[in-house]
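Quick note: numbers below take in every heavy atom, side chains included, and nothing from hydrogens, waters or symmetry partners. Residue numbering restarts at 1 for every chain, and letters A, B, ... go by the order of the sequence lines.
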There are 2 protein chains.
Amino acid sequence: MEPVRDLARTRDRILKAALAEFAAHGLAGARCNAIARRARVNHRMLFYCFGSKENLYREILRRKFTERTALFERRDDDLAGTILRWYEAVAGDQDWVRLLEWEALSTAPAQKLVGERERRSYISEALEALRRSQANGGIPRDLNLAQLHLSIIALAVFPLAFPQMTRLATGLSPTSARFRRQRLRFLRSVSARLQMKSPERSRSGAVREKPRTALAKTGSRRLSNPIRTMRAEVAE
Amino acid sequence: MEPVRDLARTRDRILKAALAEFAAHGLAGARCNAIARRARVNHRMLFYCFGSKENLYREILRRKFTERTALFERRDDDLAGTILRWYEAVAGDQDWVRLLEWEALSTAPAQKLVGERERRSYISEALEALRRSQANGGIPRDLNLAQLHLSIIALAVFPLAFPQMTRLATGLSPTSARFRRQRLRFLRSVSARLQMKSPERSRSGAVREKPRTALAKTGSRRLSNPIRTMRAEVAE
DNA sequence: AATAGTATTAACTCGATGGTTAATACAAGG
DNA sequence: CCTTGTATTAACCATCGAGTTAATACTATT
């Protein structure tokens, strides 16, 4: 028999409900009441457990990001494998895509991201893997790897991040089995081509570029904490 | 001397301020007060001119969409031209990207889009152009054109739609001149490759197979399996 | 210059919402 | 049992924000 009082269970429920609510409506649009109702928990418990709506949001992000990056253990796929793996991973978790998207829209340019450390380290590993692949001839020399990485994610994420565009372009929902099949096939063709050597370029001198220095380190800015303003400064 | 009372001017000011505010915060996050302040206009005038916040929002979208699609007059570029043109168009108007993104996040799957008619007709024209290009041999036969169209937009839009990812991957802001140069060069390489004929593909049915089979085939080195979770989902 | 119509304003309403107070129910230890 | 600490609850509070009321100032028309 379940005990009547069980804080851990309550926390879990809240977290689950909050994930759904925040993915659906973002930080500003989410309603504490809605979360509480969804979790079948008293409204007050949100604040008892997490202090504030924003704290709860951050906790959700933190968890989601670590869960997700754990999925991308270092693995040396070829380019096609990497792209397909990203697509599968993304297509399987729309909440994640939406959280990234809310983040994109409501994060000020200089603001520190939730889980930034881990995310940076994940990316530098991914870039390292691409570099190895490039060294092995699996990726053409003239492709900028950071741009490539960004584009892999773009190809994987975009249809789910912009479902309305997907529907306009293809007539399908990005979550439908039919679309997924189509997309997988397309991504396979694309990656096969990306792996090919470049056709002769007219300007052969243009290829050389300054070697990619590692990611710019953002100084650890420890700004005093006033999270007072709900409305974050955002690109204006 | 400017007249003291000028409704047209007031409307314009409101529209301009509203565009900025809605692009920054979305419909739900935008504040009527903020719009009024930014427009240096009495709060009441929003409702006098547009009836409601949502009406105003719709008006903004309507205008922006028609303005934008006008930019994409029919023009038969080759693939590279199309991609680059999209990128330039997108990189030059971040508000537009953000409006699309807010729309993506807050539109229900079945909901009718603002300006849907024009957008559909634009897309079918774009697809038609791609088809012509494909007929001319400018685009390989095996590429699904709707998927290609979607991917062109993805490659153009993504860095601006997810600036935090861009910053993580490249260390640059997607609006910086440096990034834009890098991106242009990258997109040129990519489109050159997309125009190439496919490498001979083993026709042995791998395409219809489960992804892991196809994946294992593409690599030159030993590969591990992609993530398993293609949850069967009742289609459409 | 009186009138009428309209653009603009100050001041208000009223519901929603994040967060709090304080009471209560429960479980564990003595 | 009784006490003590804590999980849970109901009721409340303050603020914010979209939308309204109604008064006022300006302009054109006669």
Are B:Glu116 and B:Arg119 ion-paired here, with the side-chain N under 4.0 Å from a carboxylate O? no

Calculate the interatomic distance between A:Leu46 atom CG and D:dT9 atom C1'; express it in whole Å. 13 Å

Check B:Val90, B:Leu160, B:Leu19 against B:Trp96 for a side chain to side chain contact (heavy atoms under 4.5 Å, CB included) and give me the one that passes. B:Val90

Distance in angstrom units between A:Asp6 CG and D:dT8 P, rounded: 7 Å

Separation of C:dA7 P from B:Arg40 CZ (nearest whole Å): 20 Å

Taken to the nearest whole Å, CD1/B:Ile14 to C1'/C:dT8 is 11 Å

For A:Thr10 and D:dA7, is the shortest distance between a side-chain N/O and OP1 or OP2 below 4.0 Å? no

Given atom CD of B:Glu54 and atom C1' of D:dA18, what is their separation to the nearest angstrom? 12 Å

Would you kindly give the CD1-to-P distance between B:Ile35 and D:dG17, to the nearest whole Å? 12 Å

Measure CG/A:Asn55 against P/C:dG18 and give the value in whole Å, please. 14 Å

Taking 4.0 angstrom as the limit, do A:Glu101 and A:Arg98 come out as a salt bridge? no

The side chain of A:Arg44 is closest to which nucleotide in this list: D:dA10, D:dG19, D:dT8? D:dA10

Looking only at side chains, do B:Ser52 and B:Arg58 share a donor and an acceptor under 3.5 Å apart? no

A:Tyr48, nearest nucleotide to its side chain (from C:dT8, C:dG18, D:dT8): D:dT8

Protein-nucleotide distance (A:Asn33, atom CG; D:dT9, atom C1'), rounded to Å: 14 Å

Please determine, for the side chain of A:Met45, which listed nucleotide (C:dG19, D:dT9, D:dG19) has the closest atom? D:dT9

Using a heavy-atom cut-off of under 4.0 Å over every strand shown, decide if B:Ala28 touches base, sugar-phosphate, or nothing. nothing

Fit a plane to each ring of A:His149 and A:Trp86, take the angle between them on a 0 to 90° scale, and name the class: parallel (under 30°), tilted (30 to 60°) or perpendicular (over 60°). perpendicular

If you find the nucleotide of DNA chain C closest to A:Ser52 and the one closest to B:Leu7, which residue's nucleotide is nearer the 5' end? B:Leu7

B:Arg31 side chain, from C-beta outward: closest of D:dA18, C:dG18, D:dA7: D:dA18

Taking only the side-chain heavy atoms of A:Phe47 (C-beta and beyond), determine which of D:dG19, C:dT20, D:dA25 contains the nearest atom. C:dT20

Kindly point out which of D:dT6, C:dA10, C:dA7 is positioned nearest to the side chain of B:Asn42? C:dA10

